[in-house]
Amino acid sequence: MVYSFSNISPQFILLLMISFPICSFSWPWTSSALPSCDLPIRLRTDPDAVTAASNDYGNLVHEAPAAVLYPSSIQEIVDLIKLSNNCSTPFTVAARGRGHSVRGQAMAGGGVVVEMAALSRNGGGIRVSWSPSLGYYADVGGEEMWADVLRVGLEHGLAPVSWTDYLYLTVGGTLSNAGISGQSFRHGPQISNVLELDVITVLGGLGQFGIITRARIVLQKAPTRAKWVRLIYNDFTMFTRDQEHLISTNINGPNYVEGSLITDQSPPNNWRSSFYSPSDQSKILSLLRSKQGLLYSIEVVKYYHDTNIDTIDQEVKLLVKDLNFIPGFVFNKDVSLVDFLTRVGSGRDKEEEKSSDRELETHPWLNLFLPKSSIMDFNDAVFVNVIRRHNHTSGPILFYPFNRQKWDDRMSAVTPDEDIFYTLGLLHTSRPHQSDVYDNLNSEILDCCEKADIDVKQYLPHYISKEDWMKHFGPKWDTFQERKTKFDPRMILSPGQRIFTSVMDYAHM
């Protein structure tokens, strides 16, 4: 059963349940036992399907499902959940988009993984429309990638307003986790820009209450180009003050603001973007050596149309003229909107990589939210005394602010209770035998925050114990648990999050 909800508050959590009579199937399944269940849907148990669903981008957790569903229709997903409810001991179900989780969040060990991308093979998953009351919008299947939403929107001269930095992620996947990037200070996370949703059974945070099958996304007239500026700082106070100034500029302000760190192991150019010319990179690295191996950078983008091409340079000049970057360390590019939004790799290129190459990398990421009031202590405790001292981070280090008024307490995402809060993204890449080094670094950072009484919250959280989840959700825990108990009482959905699954079930990991 699929439910459609119109004119919803963007962050409103919709809670419904499908109830079915109980019959007797044995559990746990084995692949050989699956055919005896007389399934109304086609489940794959071959090694290729199971192996693909047992891994993700993080390459840190490997949980084999009993079977994998490659749905040809939404009804097949409904039938799968009905089947689980009809078992005396239900099996778990996890929706998998493009496999970009980093800690097994989209896995279902011993259960069934739904490969949502299979739905996109039928085509027609993105439809652009207009109405007098809503304006322009796109109805998009939860399995579709944001890169394709951009492509189809631009065919009509339109585009969404809130993005992630990497567009080869599914709509359902990012909306389940809010969806953030440098546009979020202005437009809020991606979920704040949704008018309507279709869900199977229920909807809520972290995929715990349902599977998103369609989203009605706000569209606006698309700009054609982007003025892309990067500014270099050696003073953390100025770096954060200027970011906060930029996100508070309402008239002729920027469209995108993201701060980051530059270290020996997180150089100016990295896999997220090759922005700097060789000569500019040499200039920055020379400065980095003179500043004890730690610099800060602000990335500012101003979109424009052909109609204001004669004034955009002056607009950007006014935007940065009172900022406190190091003189002579401002760098500019003028690129198409598509080139800017797709600057972080190509998902299709990644998909064409040999599996043996992917197996050589792990991604032990750490993503945090922290209050503005604690950023100076955080800089001293973490950036200076951990990251610079260890000097073995191996990927981009993002650090930029949001306006909390663009978020909503009804969301399951947990944010600091201050008007401005920051996100940290430590996007490590390592060899599998080195992943413990970065996990230990992440643990040291969290320990430093606890000792300094810095109230950080994990974004894309990863915890093992129920106590840690309770601490993470804080006052939201009781509501979150009540919703799970009421609307998914048999604990079918999203076991990979490990929120409502016994730790004993994962002892073999």
Side-chain angles (χ1 to χ4, degrees), residues 50-65 68 92 94-109 111 113-117 145 164-170 172-174 176-181 206-208 265-266 270-272 344-345 347 349-351 353-368 392-398 423-446 458-464 468-469 472 494-499 501 503 505-506 508-509:
V50 171
T51 299
S54 303
N55 200 5
D56 61 16
Y57 181 70
N59 200 19
L60 298 163
V61 176
H62 305 277
E63 280 284 283
V68 182
T92 56
R96 185 179 189 270
R98 299 286 167 163
H100 282 96
S101 57
V102 294
R103 299 282 180 176
Q105 288 93 336
M107 296 180 193
V113 169
V114 181
E115 288 283 1
M116 297 295 290
M145 292 190 295
T164 51
D165 285 334
Y166 182 67
L167 299 193
Y168 296 89
L169 307 171
T170 60
T174 66
S176 294
N177 292 284
I180 62 171
S181 80
L206 304 175
Q208 285 294 308
Q265 303 301 320
S266 183
N270 52 58
W271 58 261
R272 289 184 71 251
V344 185
D349 289 345
K350 294 291 183 182
E351 290 171 359
E353 289 177 359
K354 295 180 181 179
S355 60
S356 58
D357 293 336
R358 293 194 300 269
E359 290 168 359
L360 294 177
E361 290 186 346
T362 58
H363 301 93
W365 289 5
L366 178 66
N367 295 275
L368 301 176
H392 59 217
T393 55
S394 61
I397 306 172
L398 309 180
T423 185
L424 167 74
L426 282 174
L427 310 185
H428 304 298
T429 298
S430 72
R431 298 298 186 184
H433 70 276
Q434 297 173 319
S435 62
D436 285 348
V437 172
Y438 297 97
D439 277 335
N440 291 337
L441 177 66
N442 295 341
S443 296
E444 183 176 353
I445 290 170
L446 293 173
Q458 287 192 34
Y459 176 64
L460 309 177
H462 164 68
Y463 298 106
I464 296 298
D468 285 337
W469 280 110
H472 170 77
S494 299
Q497 294 281 354
R498 303 176 188 82
I499 302 176
T501 305
V503 177
D505 293 341
Y506 290 87
H508 62 283
M509 289 175 44

query = Which is it for R498 and I464 under the side-chain contact (heavy atoms from CB on, under 4.5 Å) test, yes or no, and what are the steps along the way?
reply = CA-CA 6 Å; R498 303 176 188 82; I464 296 298; 4.0 Å; yes
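- For E444, the side chain to side chain donor-acceptor pair (under 3.5 Å) criterion is met by R389, H390, not counting sequence neighbours.
- For the pairing with T174, the side-chain contact (heavy atoms from CB on, under 4.5 Å) check across I180, L167, T164 returns one residue only, T164.
- Between N367 and L426, every side-chain heavy-atom pair lies at or beyond the 4.5 Å cut-off.
- Judged by distance alone, the side chains of S430 and S435 never bring a donor and an acceptor atom under 3.5 Å apart.
- Ring pair W469/Y463 is perpendicular by interplanar angle, where above 60° counts as perpendicular and below 30° as parallel.
- Checked against side chain to side chain donor-acceptor pair (under 3.5 Å), S181 has the following partners two or more places apart in sequence or in another chain: Q183.
- Of all heavy-atom pairs between E361 and P432, the closest is N-CD, 4.3 Å.
- Taking the side chain to side chain contact (heavy atoms under 4.5 Å, CB included) definition, one finds that A53 meets it with P65, V68, V113, E115, sequence neighbours left out.
- Closest non-hydrogen pair, G109 versus T92, comes out as O-OG1, 4.4 Å.
- By the 4.5 Å heavy-atom criterion applied to side chains, T423 and L368 are not counted as neighbours.
- In this structure, the separation between CD1 on I445 and OH on Y438 is 12.0 Å, given to the nearest 0.5 Å.
- In this structure, Q105 and N177 have side chains that are not in contact, with every pair of non-hydrogen atoms separated by 4.5 Å or more.
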key: M107 and V61: CA distance, side-chain angles, deciding distance, side-chain contact (heavy atoms from CB on, under 4.5 Å) verdict   = CA-CA 9 Å; M107 296 180 193; V61 176; 4.0 Å; yes
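- A search for side chain to side chain donor-acceptor pair (under 3.5 Å) contacts involving S54 returns nothing, not counting sequence neighbours.
- Here the side chain of R431 pairs a donor or acceptor atom with the backbone of L360 at under 3.5 angstrom.
- In this view, S101 and D56 satisfy the side chain to side chain donor-acceptor pair (under 3.5 Å) rule, not counting sequence neighbours.
- Taking the ring centroids of Y459 and W365, they lie at or beyond the 6.0 Å cut-off.
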query = Please walk me through it: do M116 and R96 pass side-chain contact (heavy atoms from CB on, under 4.5 Å)?
reply = CA-CA 6 Å; M116 297 295 290; R96 185 179 189 270; 5.9 Å; no
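- Summarising the geometry, atom CG belonging to D468 is positioned 10.0 Å from atom CG belonging to L446; distances are rounded to the nearest 0.5 Å.
- Using a 3.5 Å distance cut-off with no hydrogens or angles, the side chains of N59 and N55 do pair a donor with an acceptor.
- Taken to the nearest 0.5 Å, the NE2 atom of H472 stands 7.5 Å off from the CD atom of Q458.
- The salt bridge (Lys or Arg N to Asp or Glu O under 4.0 Å) test applied to D439 returns R103, not counting sequence neighbours.
- In terms of modelled atom types and a separation under 3.5 Å, the side chain of T170 and the main chain of G173 share a donor-acceptor contact.
- Taking the six-membered ring where the residue is Trp, the centroids of Y168 and H100 are separated by 6.0 Å or more.
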request  = Given side-chain contact (heavy atoms from CB on, under 4.5 Å), test I397 with L424 step by step and report yes or no.
outcome  = CA-CA 7 Å; I397 306 172; L424 167 74; 4.0 Å; yes
